[in-house]
Peer 1: 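Sharing a structure, written as structure tokens. Questions coming.
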2 protein chains.
Amino acid sequence: MTSGSSNISTDVPLGFERHDHAACVSEGLLAAETRCADDGLRFTPVRRKVLEILLQEHRALGAYVILDRLREEGFGSQPPVAYRALDFLVTHGLAHKIERLNAFIACAHPDQIHAPAFMICRLCDSVAEAQSRTSRSVLASAAKATGFRIERTVVEAEGLCPGCAEQADA
Amino acid sequence: MTSGSSNISTDVPLGFERHDHAACVSEGLLAAETRCADDGLRFTPVRRKVLEILLQEHRALGAYVILDRLREEGFGSQPPVAYRALDFLVTHGLAHKIERLNAFIACAHPDQIHAPAFMICRLCDSVAEAQSRTSRSVLASAAKATGFRIERTVVEAEGLCPGCAEQADA
DNA sequence: GAGCCACTTGTCATATTATAACACTTCTCG
DNA sequence: CGAGAAGTGTTATAATATGACAAGTGGCTC
């Protein structure tokens, strides 16, 4: 994703790094298509559009922002339309909910097993997804000690992204 | 808190372990009082009552549940009353918000520096707070690698507590 | 291809969580 | 004591999320 190659479509440091952002969208959609085909899931127009909307930003979007965009594109405009598509994407690992923000973001690693961790910039709102091995976490050891059986984890850090931290220091 | 001593007031395994629960409440309130006195904070009746309500359970309570109890006790009954008290408690480390549940829980370690991690049982709703050192976490290394400056972390695991896991297996 | 089924979409209605703004009171500190 | 800051209570409203039901769509068997 960090693109050693071609056309940088934006120089905003989204996901904290410059990259070929157009590729994020197309690759993301392609990965989702493949995945759905493989797993016998229906990648319908609404679902596709919602993922596309999410992929367009390395930020978390609220359900109602997504809903507005869906309306503009001619889809249904009532909350369940957005929530159901988001639910589908989250359930199948194509998107994640950022609990801290009550908002949603496209998955950056739809191929791998995901116990994702996020870094959320409180100034520019960008969100980066880190790959995480659950096993060596604080949670894993605490869970082991008490006998808790982990099914899902929420790991989110709030703070300043590299760019904003630099500006803040200046 | 695991009480080598006296009267077990309930045998429900709250916080996943049997313990002298009456002591949780009184010790919690005492710790808060001390802390507020030390730091020149006002531990007013509403704030005290909200903390007491939270301490009575090793579960996260929604703001509106708390609000109902406040009303029963003769306090104001509009949302801001509860939210302001909760905000005070969270700001000063006497309570935490469980983002996954949009709900609140009393801090189990009000004395220490807190980068807490929680284990949430999806069946019995109990929540245990683990002590965590942020430093060796997935987040810390990801942050270091990208230059992200962490200010606050949310670490929550959802799954089955020891008791519920056992029942589920049976 | 007709009929059946599961799934998806769209809508209305409503629940749940959270905050803005303002008047009034209480506490603190000079 | 008086001025200002902090806290409380209220009204009103915003933002987030779900339940229930009707209608449409696609894939299936026979």
Side-chain angles (χ1 to χ4, degrees), chain A residues 32-33 36-37 39-54 59-92 94-105 125 154 156, chain B residues 32-33 36-54 59-92 94-105 120 125 154 156:
Chain A
E33 250 161 42
C36 290
D39 295 6
L41 304 170
R42 291 169 61 186
F43 196 47
T44 63
V46 207
R47 292 168 178 177
R48 186 188 170 87
K49 179 50 79 179
V50 170
L51 182 58
E52 188 184 335
I53 291 167
L54 291 176
R59 296 189 301 129
L61 297 180
Y64 283 74
V65 169
I66 291 166
L67 191 55
D68 285 346
R69 304 220 185 147
L70 284 179
R71 176 170 27 237
E72 289 165 11
E73 304 276 347
F75 292 92
S77 60
Q78 299 303 313
V81 173
Y83 280 103
R84 283 188 298 227
L86 287 165
D87 188 57
F88 171 87
L89 296 172
V90 168
T91 298
H92 297 98
L94 299 169
H96 300 290
K97 179 168 190 185
I98 305 295
E99 300 289 348
R100 184 74 227 288
L101 305 177
N102 293 319
F104 302 82
I105 191 166
D125 264 2
V154 173
E156 300 170 359
Chain B
E33 252 161 41
C36 290
D38 289 354
D39 295 6
L41 304 171
R42 292 168 60 187
F43 196 47
T44 63
V46 206
R47 291 168 179 178
R48 185 188 171 87
K49 177 52 76 180
V50 171
L51 182 58
E52 189 185 334
I53 291 167
L54 291 176
R59 297 189 300 130
L61 297 180
Y64 283 74
V65 169
I66 292 165
L67 191 55
D68 285 345
R69 304 219 186 148
L70 284 178
R71 177 169 26 238
E72 289 165 11
E73 304 275 347
F75 292 92
S77 60
Q78 298 305 313
V81 174
Y83 279 103
R84 282 188 298 228
L86 287 165
D87 188 58
F88 171 88
L89 296 172
V90 168
T91 298
H92 297 100
L94 300 169
H96 300 290
K97 181 169 188 183
I98 305 296
E99 300 289 348
R100 186 74 227 287
L101 304 176
N102 293 319
F104 301 83
I105 191 165
I120 307 163
D125 263 1
V154 173
E156 299 170 0

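Numbers restart at 1 for each chain; the letters A, B, ... are given by sequence-line order, proteins then strands.
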Peer 1: Taking only residues two or more places apart in sequence, or in another chain, which ones meet A:Phe43 in a ring pair (Phe, Tyr, Trp, His ring centres under 6.0 Å)?
Peer 2: none
Peer 1: Send over the distance from A:Glu99 CD to D:dA17 C1', rounded to a whole Å.
Peer 2: 13 Å
Peer 1: Quick one: does A:Arg69's side chain get under 4.5 Å of A:Leu61's, heavy atoms only?
Peer 2: yes
Peer 1: Tell me, which of residues 61-69 of chain A have any heavy atom that sits under 4.0 Å from an atom in DNA chain D?
Peer 2: A:Tyr64
Peer 1: To the nearest angstrom, how far is B:Ile98 atom CD1 from C:dT16 atom P?
Peer 2: 20 Å
Peer 1: Using the test salt bridge (Lys or Arg N to Asp or Glu O under 4.0 Å), find all partners of A:Lys97 that sit at least two apart in sequence or belong to another chain.
Peer 2: none
Peer 1: Mind checking ring pair (Phe, Tyr, Trp, His ring centres under 6.0 Å) for B:Phe88 and listing every partner two or more places apart, or none if nothing turns up?
Peer 2: B:His92
Peer 1: Would you jot down, in residue-number order, the residues of residues 70-89 of chain A having a non-hydrogen atom under 4.0 Å from DNA chain C?
Peer 2: A:Gly76, A:Ser77, A:Gln78, A:Pro80, A:Val81, A:Arg84
Peer 1: Show me the protein contacts with nucleotides 25-30 of chain C, counting only N or O atoms at under 3.5 Å.
Peer 2:
{"residue": "C:dC27", "atom": "O4'", "partner": "B:Arg42", "partner atom": "NH2", "Å": "3.4"}

Peer 1: Output the rounded distance in Å from NZ (A:Lys49) to P (C:dT9).
Peer 2: 15 Å
Peer 1: Looking at B:Lys49 and B:Glu52, does any basic side-chain N land under 4.0 Å from a carboxylate oxygen?
Peer 2: yes
Peer 1: When rounded to the nearest 0.5 angstrom, what is the spacing between CG in A:Leu70 and OG in A:Ser77?
Peer 2: 9.5 Å
Peer 1: Can you tell me which residue among B:Val50, B:Leu89, B:Leu41 is in a side chain to side chain contact (heavy atoms under 4.5 Å, CB included) with B:Leu94?
Peer 2: B:Leu89
Peer 1: To the nearest 0.5 Å, what is the distance between CZ (B:Phe75) and OG1 (B:Thr44)?
Peer 2: 8.0 Å
Peer 1: Check whether any side-chain nitrogen or oxygen of B:Asn102 sits under 4.0 Å from OP1 or OP2 of C:dT16, and answer yes or no.
Peer 2: no
Peer 1: Do A:Arg71 and A:Asp68 come close enough that some side-chain heavy atom pair is under 4.5 Å?
Peer 2: yes
Peer 1: Quickly work out the A:His92 NE2 to C:dC7 P distance and round it to whole Å.
Peer 2: 11 Å
Peer 1: Between the side chain of A:Glu156 and the main-chain N/O of A:Glu99, is any donor-acceptor distance below 3.5 Å?
Peer 2: yes
Peer 1: Measure the distance from CZ on A:Phe104 to P on D:dT16 and round it to the nearest whole Å.
Peer 2: 10 Å
Peer 1: Please tell me if A:Thr44 has a side-chain N or O lying less than 4.0 Å from either OP1 or OP2 of D:dT25.
Peer 2: no
Peer 1: Are A:Leu54 and A:Leu86 packed together at the side-chain level, in the sense that at least one heavy-atom pair is separated by less than 4.5 angstrom?
Peer 2: yes
